[in-house]
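Here the structure comes first, spelled out in structure tokens, and everything after it is commentary.
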Amino acid sequence: MVSAQPLFTADSIGKSFGRREILKSASVWAWSGRVTVLLGRNGSGKSTLMRIGAGLMRADHGAVRFGDQTYLAPKLHTLARQ
């Protein structure tokens with residue numbers, strides 16, 4: 001049975017590199033037991049969004065949620081422990 005609440009959420013994520021805005025307000029949700037696909041053109045920010053979600057990169061704004069915990073600046077080692 002698939003949970004009604006997503007296991008992973010990255011909501012309203014924004015990221016710029018210098019003057020170049022890569023993500024303006026990107027969001028992605030993933031549920032346990034489902035396949036989630038992230039599609040987009042080359043350079044559209046897919047990898048950046050996943051790096052932020054995994055705690056490898058800090059977002060300029062937005063939040064990442066794993067289960068019941070919300071992180072404004074997730075860190076990989078913290079996420080791995082949970």
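Between the side chain of K46 and the backbone N or O of L39, no donor-acceptor pair lies under 3.5 Å. S27 contributes a side-chain N or O that, together with a main-chain N or O of S12, makes up a donor-acceptor pair within less than 3.5 Å.
Under the 4.5 Å side-chain heavy-atom criterion for grouping Ile, Leu, Val, Met, Phe, Trp and Tyr, Y71 is connected to V28 within one hydrophobic cluster. Taken together through direct or relayed side-chain contacts under 4.5 Å among Ile, Leu, Val, Met, Phe, Trp and Tyr, I22 and M50 form part of one hydrophobic cluster. Note on F17 and L56: separate hydrophobic clusters, where clusters join Ile, Leu, Val, Met, Phe, Trp and Tyr whose side-chain heavy atoms are under 4.5 Å apart, directly or indirectly. With hydrophobic clusters built from ILVMFWY side chains whose heavy atoms lie under 4.5 angstrom apart, L38 shares a cluster with F8. At a threshold of 4.5 Å between side-chain heavy atoms, the hydrophobic network of Ile, Leu, Val, Met, Phe, Trp and Tyr places L72 and M57 in two separate groups.
Atoms CG and CD, from D60 and E21 in turn, are 8.5 Å apart once rounded to the nearest 0.5 Å.
Annotation for K24 and H61: closest pair O-CE1, 3.1 Å, computed over non-hydrogen atoms. When all heavy atoms of W29 and P6 are compared, the pair lying nearest together is CD1-CG, 4.0 Å. Contact record, R20 with G43: NH2-O, 4.3 Å, taken as the closest heavy-atom pair. Counting all heavy atoms, side chain and backbone alike, A10 lies closest to L49 at CB-CD1, 4.1 Å.
A side chain to side chain contact (heavy atoms under 4.5 Å, CB included) with V64 is found for exactly one of I13, T9, T70, namely I13.
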